[in-house]
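For clarity, every value in this text was computed on a predicted model and none was experimentally measured. Quick note on labels: first sequence line is chain A, next is B, and so on, each numbered from 1.
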Amino acid sequence: MQDAITHLLNRIGYGRRPGDIERVQEAGIQKYLDQQLHPERIHDAVAEARLASFPSLTMRTPQLVERYPAVQKFARQFRIPQGDENKRDVRRQVLAYYEENGLNLPQKLLQELESQKIVRAVHSERQLQEVMTDFWFNHFNVFWSKNADRWLTTAYEMNAIRPNVLGKLTDLLMATAKSPAMLFYLDNFLSSSLKGINENYARELMELHTLGVDGGYTQKDVQEVARAFTGWSIDGPQRNGEFMFRPRIHDDGEKIVLGHRINAGGIKDGEMVLEILARHPSTAHFISTKLVRRFVSDNPPEALVKRVADVFRKTDGDIREMMRTIVTSPEFNSAEAQGAKTKTPFEFAVSSIRVLDGSTDGSRQLAQAIARMGQPLYQCQPPTGFPDRADHWMSNGAVVERLNFAVALSANRIPGTTVRIDDSMKSIALKLGSPEFQKR
Amino acid sequence: MVVTRRDFLKSSGLALAAFVAAPNVWAGKEHPIIIAIFQRGAADGLSMVVPFADKHYYSVRQQIAIPEPLSSGAERAIDLDGFFGLHPALDSLKPIYDQGHLAIVHAAGSPDNTRSQFDAQDYMESGTPGNKGVADGWLNRYIQADLESDSTPFRAIAIGANTPRSLMGTAPAVAMNRIADFGVHGGGATPEMENAFAEMYRDTFEAVKLLRRANPQQYEPARGANYPNSPYGQALLQIAQLVKADIGLEVAFVDVGGWDTHANQGSSRGQLANHLKEFGDGLAAMYRDLDDCMRNIVIVTMTEFGRAVRQNGSSMTEFGRAVRQNGSGGTDHGHASCMFVCGGPVKGGKVYGRWPGLAPEQLFEGRDLALTTDFRDVLAELLVKHMDAKDVSKVFPQFRPGGALKLL
């Protein structure tokens, strides 16, 4: 029973805190799972109170652009020659100006995003919601450092991803397709019937977001989908940063996508494509495979994938129901699934703090340690997101970084993070650093 | 080193202890080294090595074309052989080409026709285009097939936190962020603690100890070599450092990104030019720094595929002229690109490979540069002739080599 609960807490959350096993045992596994599947019903005051120290999370894009401006914006005002923005005296002058005027560097937006992710994973009672947010952000990856995405990624996670992580896949698809962060990251805002199409989003939408690379689409389909999404654009990527459909550059001609004729016209063309993709059997299989890989094993059992894909088809892509099927499956609850997954650096760091009953403000030093272990949060450049396989994460360089983290955490030397040490520091460091603790 | 397989299962693995007991077996010994550089994101071969004398080049490429060497203005292609020219941002490579130590293989790449970057990278790194079922990488299979009794933990290395696909497999390989940080340090770690960790992760700590003994701190590149201040430049610097530390390095792998130029690619200047400058200057710095050592070294570059011949947004008339150019000023995913091969043993100063041409009927699927050299032909030749690989069919299974390029 204890093993089953530990396993559950490791998979639908970031590992146990002292006392968690007893609490779940008392409530019953079934009831705990039901609660986690409905995060909106869970009281979460502790985590929410901590989020108050990250003001950017609730700001709208124009406000972010104004309050976290790029240094280049002042280059002219200070007559800084291009390329000199990073020189030391220039930087000092600019930073003084930022301070006088209550401004922050864009880098601060990244720090607040990283911090809120760490704080929520450590402190939120809505553990499954955090795991799902991590999963779907990685599935629909965007790269924070790509120009305008520095001001667009905050709203992307808060508004496009978070509210939909246990909803319908269609809603996630629609939200990400219309999100300025994605439109910018995969260049669709540049795709135009007048200047010409850009295939980037169209290809990744099918390859990575829905059908999978072997899902049965052709180069011709990529071009037709790109035509359907012409005009899906941004109203000022570095000003308003809102989605905007531009009829003038939309290709209104007929398209054939995966054998379907599309001639609805206007914004409906792209929406129809998303509906077709969301209902395609390849999407059901691809999404199910990724979920089972994340929650059960690096080698997803095909029988379970099939059952989850059936649920996808019957429920119109209901993620909550797919998750229920996975977690209650014999495969998930089998002995061989326990400890079969290797923790990502983020999972390792968060579960370490949790098991030591720690608290954190998600400081920069913590995010930097996670990056050194191989996972720079919000800065995965390719649209694939981080791989979900053990062999990606455990190079000897990464092992050494994990051990250094284990030592620093058990010595309480990570600023902003405190853990409870009720054994010798050495034995705690060895426990966190052990091969067993790298598993979940 | 694949810790998951070796340390986690606590299998005995290769006996590295014997080596550590005799740490100087490599000192002064001549041995070949191969350094693979992966241009991740699909680098545009037509802009790196410009076919300026192909009569279709300027009509299909238009704004993003690189001006021909004889045109006026400073930012023109650098003539190599009257047909091809280097992008002006790669000017630091020209002296190496002139000295005969840099060769280019054009219209090269992976024969698989996927335009998925993930699949194409995966195929190139596994060394098995079209076959997804291969778990290990080509460089790792080379090490497996050519086991040497005196191999050290640093026989194969990559700079970066994660092991690249090319080096994954059962043979040990080291991946690390920074040489200087490779070890358990500070924050209250005691020797006793380190010993306990060393019991858990044996291979990792053999490498840590070996590096500590070699003590490659305070490194000053030779002959004023100036590496770019970027992760790529610093990775090359550290590899040079390990080469000189003489701790048994044979295979090294480096990534350099930023090639996915769907938008605002630029021409002689711009986004692509900036990345090319970093790329070329890094190579040139390494060549300069390693100097005499280069006689035993071959550096080879690869990219998952090239980019579409036309700028995105443009279409071609039946006469091969691009129309409606503009688009987003970039190029979408294509097919063949080019590879650079640099080092002492290389017969350079030449562009290798058959040029397929840019006329509409010569393009792959009507839009991309056709492929005339399989990347495995290049790599296999380097492994056999330079690295003395005994059985290259283990590295590239089911591969039927084309004609030898005679790069070496």
**Request:** Specify the closest pair of heavy atoms between Ala161(B) and Ala398(A), including all atoms of both residues, with the distance to one decimal.
**Result:** O-CB, 3.8 Å
**Asked** Can you say whether Glu204(A) sits under 4.5 Å from chain B via the side chain, the backbone, both, or neither, judging by heavy atoms?
**Response** side chain
**Message:** I'd like to know if the side chain of Asn312(B) and the backbone of Asn198(A) have a donor-acceptor N/O pair within less than 3.5 Å.
**Reply:** no
**Prompt:** Side chain, backbone, both or neither: which part of Asn162(B) has a non-hydrogen atom closer than 4.5 Å to chain A?
**Reply:** both
**Request:** Return the minimal non-hydrogen interatomic distance between Ser116(B) and Glu207(A), and the atom names on each side.
**Result:** OG-OE2, 2.5 Å
**Asked** Say you draw a straight line from OG of Ser395(A) to CE of Met176(B); how long is it, rounded to the nearest 0.5 Å?
**Response** 10.0 Å
**Asked** Say you draw a straight line from CZ of Arg402(A) to OG1 of Thr204(B); how long is it, rounded to the nearest 0.5 Å?
**Response** 11.5 Å
**Request:** To the nearest 0.5 Å, tell me how far Lys195(A) NZ sits from Ser328(B) OG.
**Result:** 9.0 Å
**Prompt:** With a 4.5 Å limit on heavy-atom distance, are the side chains of Leu430(A) and Phe197(B) in contact?
**Reply:** yes
**Message:** Could you measure the distance from the CH2 atom of Trp393(A) to the OG1 atom of Thr163(B)? Nearest 0.5 Å is fine.
**Reply:** 11.5 Å
**Request:** May I ask you to decide whether Arg367(B) forms a salt bridge with Glu199(A), counting only side-chain N to carboxylate O separations under 4.0 Å?
**Result:** yes
**Complete:** Per side-chain contact (heavy atoms from CB on, under 4.5 Å), Val208(B) is matched among Val400(A), Asn396(A), Val399(A) by Val400(A)
**Request:** Looking only at non-hydrogen atoms, find the nearest pair between Asn177(B) and Glu401(A) and report the distance.
**Result:** ND2-OE2, 3.5 Å
**Asked** Quick one: are Arg389(A) and Met168(B) in side-chain contact, heavy atoms under 4.5 Å?
**Response** yes
**Asked** So which heavy atom on Met193(B) is nearest to which on Lys426(A), and how close?
**Response** CE-CA, 3.7 Å
**Fill in**
For Asp332(B) and Ile197(A) the tightest heavy-atom approach is OD2-O, 4.3 Å
**Prompt:** Hey, does the side chain of Asn200(A) reach the backbone of His262(B) with a donor-acceptor pair shorter than 3.5 angstrom?
**Reply:** no
**Request:** Among the options Ala408(A), Ala406(A), Gly374(A), Pro382(A), pick out the one with the most heavy-atom pairs lying under 4.5 Å from chain B.
**Result:** Gly374(A)
**Request:** Without swapping roles, check the side chain of Tyr201(B) against the backbone of Gly433(A) for a donor-acceptor pair under 3.5 Å.
**Result:** yes
**Prompt:** Say you draw a straight line from CD of Glu199(B) to OG of Ser434(A); how long is it, rounded to the nearest 0.5 Å?
**Reply:** 14.0 Å
**Over 12 non-hydrogen atoms of neighbours within 6.0 angstrom of CG in Asn229(B)** = no
**Item:** Approximate separation, where rounding is to 0.5 Å, of Gln117(B) CD and Thr384(A) OG1
**Value:** 9.5 Å
